[in-house]
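In what follows, every heavy atom counts, from backbone to side chain, and hydrogens, waters and symmetry copies are set aside.
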Amino acid sequence: MSKSCQILGTHLSFGNTVSHSHIRTRRRFLPNLHRKRYWAPSLQCHVTLMVSVKGMRTIDRRGIDAIVQELAARGEL
């Protein structure tokens, strides 16, 4: 499974770890993803999403019905 948020599209990124002696080694920055289950009143069922914490705040702000419609329009649901 890919490490990306279904709501925002936040995904894995790469960078450097810099030590005290300034030696750089490659590292991965993983998004803060969680598998979360929401009740969608418009569908009358539970929807399980892989979302980041910022995506959860987006769902709280905009509402799960608007997000579900968006995902259905993109064909991800």
Next item on the list: Check Ser4 against His11 and note the closest heavy-atom contact, atom names and distance.
Entry: CB-CB, 3.9 Å
Item checked: Smallest separation among heavy atoms of Pro41 and Asp65, with atom names -> CD-OD1, 3.4 Å
Next item on the list: Please check if Val51 and Val53 belong to a single hydrophobic cluster, counting links between Ile, Leu, Val, Met, Phe, Trp and Tyr side chain heavy atoms closer than 4.5 Å.
Entry: no
Check: Between Gln6 (side chain) and Met50 (backbone), is there a donor-acceptor pair under 3.5 Å?
Finding: yes
Notebook entry, point to check: CG/Leu8 to CD1/Ile59 distance, rounded to the nearest 0.5 angstrom?
Noted result: 8.5 Å
Notebook entry, point to check: Does CZ belonging to Arg37 count more than 12 external heavy atoms closer than 6.0 Å?
Noted result: no
Check: Of the non-hydrogen atoms in Leu33 and Ser52, which two are nearest, and what is the gap between them?
Finding: CD2-N, 3.7 Å
Notebook entry, point to check: Which residue pairs pass the ring pair (Phe, Tyr, Trp, His ring centres under 6.0 Å) test when at least one of the two sits in residues 18-77, sequence neighbours left out?
Noted result: Trp39-His46
Notebook entry, point to check: Roughly how far apart are Glu70 CD and Arg62 CZ, rounded to 0.5 Å?
Noted result: 4.5 Å
Margin query: How long is the straight-line distance from CD of Glu76 back to CD1 of Ile7, given to the nearest 0.5 Å?
Written below: 8.5 Å
Checklist line | From CG (Leu71) to CG (Leu49), nearest 0.5 Å | finding: 6.0 Å
Note to self: As an exercise, state the distance from CZ of Arg28 to CG of Leu12, rounded to the nearest 0.5 Å.
What the structure shows: 5.5 Å
Margin query: If the condition is side chain to side chain donor-acceptor pair (under 3.5 Å), which residues does Arg26 pass it with, not counting sequence neighbours?
Written below: Asn16
Checklist line | Euclidean distance, Lys54 NZ relative to Cys5 SG, rounded to 0.5 Å | finding: 10.0 Å
Check: Taking it one step at a time, do Val47 and Ile64 satisfy side chain to side chain contact (heavy atoms under 4.5 Å, CB included)?
Finding: CA-CA 9 Å; Val47 176; Ile64 187 65; 5.7 Å; no
